[in-house]
Amino acid sequence: MEKIKSENSPGDSAYKTTISYEADEGKNCSVDKTKEKALTIGFFQLFRFATWKEVLMMVVGGVCSLVHGAASPLMLLVYGMMTNTFVDYELEIQELADPNKTCINNTITWLDGTVVERLDNSTTYCGVDIEAEMTKFALYYVGIGVGVLILSYFQIALWVSAAARQIQRIRKMYFRKIMRMEIGWFDCNSIGELNTRISDDINKINNAIADQVSIFIERISTFIFGFMVGFIGGWKLTLVVIAVSPLIGLAAGLMAMAVARLTGRELQAYAKAGAVADEVLSSLRTVAAFGGEHKEAERYDRNLVVAQAWGIKKGAIIGVFQGYLWCIIFLCYALAFWYGSKLVIETKELTPGGLVQVFFGVLMGAMNLGQASPCLEAFASGRAAAKSIFDTIDREPEIDCFSEEGHTLDKVKGDIEFHNVHFNYPSRPEVKILDDLNVVVRAGETTAFVGPSGSGKSTTIQLIQRLYDPKEGMVTLDGHDIRSLNIQWLRSLIGIVEQEPVLFATTIAENIRYGRPGVTMEEIIEAAKQANAYNFIMDLPEKFDTLVGEGGGQMSGGQKQRIAIARALVRNPRILLLDMATSALDNESEAIVQEALDKAQQGRTTISIAHRLSTIRNADVIVGFEHGRAVERGTHSQLLDRQGVYFTLVTLQTQGKDTDSDKPEKSEYISIMTFNIILRGRSHSQMSNNIPDAISGKFEIHVDQFEMEEVEANNKKSKGEDKEVIEAAPVARILKYNRPEWPYMLLGSLGAAINGSVNPIYALLFSEILGTFSIQDLDEQRRQINGICILFVSIGVMSFFSQFLQGYSFAKSGELLTRRLRKVGFQAMLKQEIGWFDNPINSPGALTTRLATDASMVQGATGSQIGMIVNSLTNIGASFIIAYYFSWKLSLVVTCFLPLIGLSGVFQAKMLTGFANEDKNALEAAGQVSSEALSNIRTIAGLAKEKHFVSQYEEQLQTPYNGAKKKAHVYGICFAFAQCVIFMAFAASFRYGGYLVSNEGLPYMMVFRVISALVTSATALGRASSFTPDYAKAKIAAAQLFKLLDRVPKISISKTEGQSWDDFKGQIEFKRCRFTYPSRPDIQVLRGLEVSVHPGQTLAFVGSSGCGKSTSVQLLERFYDPNEGQVLIDGRPSASISVPFLRSQIGIVSQEPVLFDCSIAENIQYGDNSRTVSMEEIIEAAKKAYLHDFVMTLPDKYETQVGAQGSQLSRGQKQRIAIARAIVRNPKILLLDEATSALDTESEKVVQAALDEARQGRTCIVIAHRLSTIQTADIIAVMSQGVVIEKGTHEELMARKAAYYKLVTTGAPIS
């Protein structure tokens, strides 16, 4: 106990709950998983499935992107030459301003013909035809633009379509290989994980081999060519700039690391609060019954504080790094321009154009190197993802169901023999399941296997089907080792009916048709008749075309079971395996199904495993199992005489006799439950789907885990409506929740405004520097340059502070908002009535995710969003003011291109994030096929239907694949357009600028100023707009939250509503109650329930499952209100009573008690949340519940942690804590819902004693499965189909010799 505890400290508990059900699945498999994770495969290995065609496509695409990368540096050369032209022209204009000078032979001369000499004896060039020159440059630009258009289209289209073809191939190979794997492999790999691999991991590979590669090549090529341009233009300046660029890289790298680390921390911190939310929502009935809503909301809020702190830290750190980044960039500008201008003016090593070219070349190179890094990330995750996928594709299955090998027998008798078989499950090698088993099953006989759980009965069945191979020994069919037989043929001989039959989400006829390929409708009908299914099918409106729903969810247990039997019979099997085929049914259905099975057994070799001995008395041979061996064999009467295993089981199940209490572990009840739920994960819930009203804690997952999302088949309609209704929430309302943080938001906006004006100011200074080169007076020139550099430095420092201010303020206001929304959202959830949670859309998982994601998404609509808007507005505003102030004509021309440039910015940013998300939706249909196939792999293997599912899956992949190919072209065109638009804009605007310079005397630096101001602001804008956390998503998330906050629960739990009174007696009356569950309106559960209890009496409900016993208890707790009739408490209708008051008078102990992940003492204190329960009371209650002595043996006594859902304790211990919890409440009414059915004999006695103690002086309602536990009740009410058919004391009812008498005498446990 201690050891287990120390491993699972409460910190891991959140993590533990998610892992727990996988943990049992893969004990030893997990070891190699951790090793695998570390390995990845080589990058070029990703392309191992490419054909020569695809390789060619990728090579051509690669060359295109290489050339495309050189375009931008090429443009810089043109830009440099152009700058020089402008400067020369300006100097010429200045010289020629002197009326005594003129231009002869391209040299400036005095009017008298002598050449004008400058101070350093050089002559001045003149005669620049600015318009012609500009036309030439414009054509260069257009040429480059067209080249880029073509290259970038091919670069993207080729890579994306090549990747689409490879991914399609990988998907098919992977799924086909999974379907071929032996079942042992599935034990080691959780289904959930395989499903994510099929979707997410393959998408990751796609990201690593598609457009990202070409973009990476392009960026690297720009990086190389950019630096080359720099070195050609002027190596000294290039080296200086290179020397400082690592600082920029360092900042970017650190920031990425810090963000990743902090996001991890923040998520971890939220995980704790998330675990609280999940725990509370999964055990909502318990929380409601004990009035713990307020307490839980507080506990959740306490855990949110931590997450909030990390979020704020993250904001602050990002602010610091961004500030640092901008600051460094501006300091680099200052350094480069200062040193560059020295080279231009003093040593004349550089021309002004050269300066521009070098500076921008290096800057561009460095930028592109930085932008190439996200691609590397995609490659890395693709390689890691490919590792597990390619390993699976390369793995050879141990039992290959597609193989043609092995021979078939002409004539099959059906003798099955086990020779010294040893076996253990691959996922649990340390547990020996079969230990030297020898069994003979004769042809044509019915052999029953009995024995306690875990003795290997079901395992033998799986070995006969060859789902596993024995470790030693062999299984023979008619004397042939089944490993030598063809596997598909072998499985076609066998029909199997399992405890939890799996149906596929299609029609009844199709489900039966799965039994054998090429079955006619007549045969289907015949099989249905044999299975006693024909009549109920014909009663359904659509008959055989009725859809059974996901996992058969629309059918009751008995109906599913009979369809499964029909499916087994349509195969006309030689061998019939019945694995607890009736254990999940109630008595009535059981009788019908049993009859169908008896018909089916005639003339076939049948092996039946059962827990209800009544079902196997008439078997020809009964084999008793114990510890993986067959210990006895004979007929019913022979084995009773032997007094061995079989005898024990029979006596244990017979009512009323005291059993040998020294063999408690044989009690069949727990064993069925625990073994199948916990160990095998084979039957997903013993409380199968047809016990809807068990108030167990497990209630929410009583439909097979995988089907939570999919039970919605019948809610499809309602879901569709939901989707349409959600309109984005008005921003005003979101801001209202953020109102207390307005000072932060103001500061943040201020910071954002300053940040927005940085770009335009930069454009201004940049053009000033170019302007200084045309000043004749050297001292004046130097003074101006130094001034400008100092301005650059001061802007850098200022933007450091403003970036930090913006980051921190908005993080603070956003995190506070998130926390507030999460808290109110959680409180709103706890206020809803229980019926609301029955809707699968509101399953605990969905709600926790909603709290986690929706609330944090809403941030996107407030803080950072406002920052973004302010930033962009100031950016645009300042740019436009500057541009239009200096030259409105040119500004108009440039403005025409702005929308296009903005669009291209948006698109490029989108490129960075990739288009992966859009593929996901397309693959949903295929995902449904694969998840259905994987969840039901055993059934599929048993029916040998693997190929059918493979082809179905491949069919579903076709549409997304065609879509992907089409998208490659669209995507290529968009990309090409985005890439070339800037070249065209430059061509037009500089050409017009040249015209204005020559004809209207506009100073050339104004041309640069206008163009760079507008272009930088446009691209920055485009980038920014796409980096905003998705605004629309935020509004929708907010709308969902508000919808939840505005919903008025049908049953209000506020203290003020409804009446309460002092002398509560506990008189209960049900009057003509009719009721249906809101989630299943078509099934009437109560049909006019009439029964009453006087204060202090004990009322016992008896009846088969689904007759409404537990439902009546839920009406009393007011989890639901009856549709008609009323529940009277002390003569008052329950609907008028205050819910908290009513619940405070009721204590409940249910079949699966729900404990919270805290100490034993805290769990008991939970019984009364209206006050603090003292330690004395706790101990007092524990003594009454026979719990005290056991607690005192624990090292931490009452401070012992019970683990998630009480997992550290045994059933009996949990049950007694639950009883103590109910006693502390000191209720007037005690509800016991099958409180002992899950216990073994020994614990049952103790718990029963505790319950008898607790019943003293209270009104008590008991629901029981074991009739022995209720014989002392004052009133026993026998229920059937929602009405009471007879009631009275034990003696009265026995005397009547009606239903109750039958139940007692047959000794059938009522499930």
Side-chain angles (χ1 to χ4, degrees), residues 26 29 32-33 36-37 39-51 54 161-210 378-379 381-403 706 916 919-938 940-941 945-965:
C29 321
D32 22 292
K33 264 190 212 157
E36 263 177 58
K37 278 288 183 286
L39 308 168
T40 57
I41 59 172
F43 179 67
F44 289 104
Q45 283 252 279
L46 287 175
F47 302 102
R48 49 182 268 199
F49 296 116
T51 56
E54 283 146 25
S161 46
R165 295 167 64 162
Q166 291 171 62
I167 289 299
Q168 177 77 343
R169 202 166 299 131
I170 291 177
R171 277 214 165 89
K172 286 184 174 175
M173 290 179 77
Y174 184 59
F175 188 70
R176 178 167 286 167
K177 184 50 80 81
I178 290 184
M179 292 307 280
R180 278 174 60 189
M181 288 300 175
E182 74 277 9
I183 302 290
W185 184 81
F186 284 94
D187 292 346
C188 292
N189 291 286
S190 78
I191 305 290
E193 198 178 320
L194 292 176
N195 273 328
T196 35
R197 268 192 218 160
I198 286 183
S199 55
D200 299 4
D201 284 10
I202 294 189
N203 277 345
K204 279 184 192 150
I205 301 181
N206 190 10
N207 282 353
I209 65 174
F379 299 155
S381 59
R383 284 166 50 194
K387 174 78 178 116
S388 60
I389 288 187
F390 289 176
D391 279 356
T392 304
I393 291 180
D394 296 337
R395 181 177 182 280
E396 276 312 312
E398 287 165 29
I399 303 175
D400 184 355
C401 58
F402 284 8
S403 89
F706 311 107
D919 302 345
K920 279 207 175 137
N921 307 340
L923 286 167
E924 222 146 65
Q928 269 170 346
V929 175
S930 67
S931 84
E932 182 173 44
L934 298 181
S935 337
N936 308 328
I937 186 73
R938 279 162 200 277
I940 292 174
K945 270 289 174 221
E946 291 94 348
K947 288 192 169 134
H948 173 90
F949 276 91
V950 170
S951 58
Q952 211 178 337
Y953 180 71
E954 293 182 352
E955 215 171 281
Q956 293 290 1
L957 282 179
Q958 209 42 51
T959 338
Y961 170 58
N962 296 339
K965 286 198 301 196

Might you point out which heavy atoms bring Ala163 and Asn206 nearest each other, and give the distance in Å?
->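 What the structure gives for the nearest pair is CB-OD1, 3.8 Å.
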
What heavy-atom pair brings Gly382 and Leu46 nearest, and what distance separates the two atoms?
->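 That closest heavy-atom pairing would be O-CD2, 3.9 Å.
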
Any chance you could measure Ile205, atom CD1, to Arg171, atom CZ, to the nearest 0.5 Å?
->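 That separation rounds to 9.0 Å.
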
Spacing of CD1 belonging to Ile389 relative to CE belonging to Met173, to within rounding of 0.5 Å =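 Reported value, rounded in 0.5 Å steps: 12.0 Å.
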
Would you list the pairs meeting salt bridge (Lys or Arg N to Asp or Glu O under 4.0 Å) in which at least one residue belongs to residues 947-964, sequence neighbours left out?
->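 Qualifying pairs: Arg176-Glu954.
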
List in chain and number order the residues that pass side chain to side chain contact (heavy atoms under 4.5 Å, CB included) with [X], two or more places apart in sequence or in another chain; answer none if no residue qualifies.
X	result
Ala162	Glu54, Met57, Met58, Gln166
Ala933	Phe175, Met179, Ile940, Phe949
Ser951	none

Would you call the rings of Phe44 and Phe47 parallel, tilted or perpendicular, where under 30° means parallel and over 60° means perpendicular?
->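 Rings of Phe44 and Phe47: tilted, 30 to 60°.
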
Got a salt bridge between Lys177 and Glu396, using NZ or NE/NH1/NH2 to carboxylate O under 4.0 Å?
->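 Yes, charged N to carboxylate O under 4.0 Å.
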
side-chain contact (heavy atoms from CB on, under 4.5 Å) between Arg165 and Tyr961: does it pass, once the steps are laid out?
-> CA-CA 8 Å; Arg165 295 167 64 162; Tyr961 170 58; 3.2 Å; yes

With sequence neighbours excluded, what pairs up with Glu182 under the side chain to side chain donor-acceptor pair (under 3.5 Å) test?
->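 Arg395.
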
Is there a side-chain contact between Lys387 and Arg383, using heavy atoms and a 4.5 Å cut-off?
->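 A side-chain contact is absent here, since even the closest heavy-atom pair is not under 4.5 Å.
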
Find out whether Arg180 and Val950 are in side-chain contact, i.e. whether some heavy atom of one side chain is under 4.5 Å from a heavy atom of the other.
->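 In short, these two side chains do not touch, never coming nearer than 4.5 Å.
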
Ring pair (Phe, Tyr, Trp, His ring centres under 6.0 Å) with Phe49: which residues, sequence neighbours excluded?
->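 For Phe49, the residues satisfying ring pair (Phe, Tyr, Trp, His ring centres under 6.0 Å) (neighbours in sequence not counted) are Phe390.
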
